[in-house]
J.: 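Let me begin by handing over the structure; questions about it come next.
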Amino acid sequence: MLIKEKSKSLFAKAKKLIPGGVNSPVRAFKAVGGDPLFIKSAKGAYLYDEDGNKYVELINSWGPMILGHANEEIEHAVIETIKKSPSFGAPTDAEVNVAELIIDMVPSIEQVRMVNSGTEATMSAIRLARGFTGRDKIIKFEGCYHGHGDSFLIAAGSGVATMGTPDSPGVTKGTAADTLTAPYNNLDAVEELVQKNKDQIAAIIIEPVAGNMGCVLPKKGYLEGLRKICDNHGIIYIFDEVMTGFRLAKGGAQEVFNVMPDLTTLGKIIGGGMPVGAYGGKKEIMKYVSPEGPVYQAGTLSGNPIAMSAGFVMLNHLNTHGEIYSNLDDIATRIINGFNVNLSKVGKNYTMNSIGSMLSLFFTENEVSDFESAKTSDTDLFGRYFNAMLENGVYIAPSQFESLFLSTSIDERIADLIIEANLKSLERIL
Ligand SMILES: *Cc1c(COP(=O)(O)O)cnc(C)c1O
């Protein structure tokens, strides 16, 4: 059994001071049982908690740490930048360099604005889409997460064309009414929504590969089909690539699937572990952003020098080391093959979805192609699997509805440790 004394006492104190003891709900282990581990440090593929336990980790700060933890190049850039003062609130060379790299790497982006989180990026992108089109409504997909902006905290109703109902108290009915939802991978549902709300839809926003209901891939022709609907109806097509950007390829999912959105939102990897987001796209749309255009959007710490220096090193590294993506693919394939062998050993046919360095093991034998099918997973069993993996030295995301992320720090030896932990954990829980 893991010793968790220090984490336990820190959590007891944190609960008195911070709602639920955490600064972001997913950290609380509520979906899997038990108390969260307090992390002291990390290096490469390993996390160390306050009690001195060591884990191979597959969360990577929910995506950003694609080069593994405490990368020395990034560390150096951040330290040198801090010495010159962490913030000016005035333009810097560094933010221009980052913008140039993003535009170079992400195929559809012609201009980009930096913000401080993925949430800010998506909120700003839909404001821009609304300002540009003069329309109010947006379409999002059931099971897709776009940060905690009011407009996105909407659950799908049971019927395809039903009005959104707020998923959280505090989201007004008015806001909810402007967010329409459709099941992922269903073009007809979107077509129907668009017909019923003619000339009222400003934007369709989608995770081009969903990572927030577990890893769910777009079916063949789906992203292209949405592109057509947007073109036919003057709707702004937004790819939320906060998770997939710089992870699936240098140019994100849009490069992999060769489908170009009008606007793209970015975050996570873009900051190299610092809090950053960005949104960008076609110049004719981006020129509507203040101070060039009328759509207001601002930020005291936007383009912060420390974040820009970390982001620049991260993106530059990815841009000049194209082999990273095929290496990540190879490690992912090794892990997936290993898991599949393990599943056959324990006589289960659970579903594995994956693309590049994102993967999910769903505790269901159904194909998982949308939120409905993802929800057929046995989440109690997942909770036991999660805790068994921890005991076996592997820290995965504490929810069935999250993707695992690989980093370049996971070599074949570490991949084999993960595969071994998977077998032991499956044997324990089944
Ligand atoms: C994480 C995430 C967000 C939110 O980003 P934050 O930096 O947590 O605000 C938005 N969209 C997607 C697809 C994400 O994965």
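Residue numbers count from 1 along this sequence. All values derive from a computational prediction rather than experimental measurement. Atoms within a ligand are numbered from 1 in the order they appear, just like the ligands themselves.
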J.: Which ligand 1 atoms does Glu207 reach within 4.0 Å, using its non-hydrogen atoms?
T.: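 Close to Glu207: 13 (C).
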
J.: Quick one: look up the protein heavy atom nearest atom 11 (N) of ligand 1 and list residue, atom name and how far away it is.
T.: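 That would be Asp240 OD2, 2.6 Å.
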
J.: Is it the case that the side chain of Thr81 and the backbone of Ala77 share a donor-acceptor pair, with hydrogens and angles ignored and the cut-off at 3.5 Å?
T.: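 Yes, because the side chain of Thr81 sits within donor-acceptor range (under 3.5 Å) of the backbone of Ala77.
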
J.: Can you tell me if Asp329 and Ser326 form a side-chain donor-acceptor pair at under 3.5 Å?
T.: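 No.
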
J.: For atom 1 (C) of ligand 1, which protein heavy atom lies nearest, and how many Å away is it?
T.: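 Nearest neighbour among protein heavy atoms for atom 1 (C) of ligand 1, to 0.1 Å: Lys268 NZ, 1.6 Å.
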
J.: Tell me whether the rings of Tyr237 and Phe239 are parallel (<30°), tilted (30 to 60°) or perpendicular (>60°).
T.: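 Ring orientation of Tyr237 relative to Phe239: perpendicular.
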
J.: Report the C-alpha distance between Gln111 and Lys283 in whole Å, list the side-chain angles of each, state the deciding distance to 0.1 Å, and finish with yes or no for side chain to side chain donor-acceptor pair (under 3.5 Å).
T.: CA-CA 6 Å; Gln111 273 201 339; Lys283 247 185 215 157; over 6 Å; no

J.: Pull out every atom of ligand 1 sitting under 4.0 Å from any heavy atom of Asn212, numbered as shown with elements.
T.: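 Ligand 1 atoms under the 4.0 Å threshold to Asn212: 12 (C), 13 (C), 14 (C), 15 (O).
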
J.: Do me a favour and list the nearest non-hydrogen protein atom to atom 5 (O) of ligand 1 with residue, atom name and distance?
T.: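 Atom 5 (O) of ligand 1 sits closest to the protein heavy atom Gly118 CA, 3.2 Å.
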
J.: When rounded to the nearest 0.5 angstrom, what is the spacing between CG in Leu390 and CG in Asp49?
T.: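 Between Leu390 CG and Asp49 CG, I get 9.0 Å after rounding to 0.5 Å.
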
J.: A quick test of your reading: do over 12 heavy atoms of other residues, nucleotides or ligands sit less than 6.0 Å from CD of Glu100?
T.: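 No, not enclosed.
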
J.: Starting from atom 9 (O) of ligand 1, locate the nearest protein heavy atom and write down its residue, its atom name and how far away it is, to 0.1 Å.
T.: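 Protein heavy atom with the smallest distance to atom 9 (O) of ligand 1: Thr119 OG1, 2.6 Å.
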
J.: At less than 4.0 angstrom from any non-hydrogen atom of Ser117, what atoms of ligand 1 do you find?
T.: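 Those qualifying, in numeric order: 7 (O), 9 (O).
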
J.: At a 4.0 Å threshold, what atoms of ligand 1 neighbour a non-hydrogen atom of Met243?
T.: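 It comes down to these atoms of ligand 1: 15 (O).
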
J.: Atoms of ligand 1 less than 4.0 Å from Gly147 heavy atoms?
T.: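 Taking each heavy atom of Gly147 in turn, ligand 1 has 3 (C), 4 (C), 10 (C) under 4.0 Å.
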
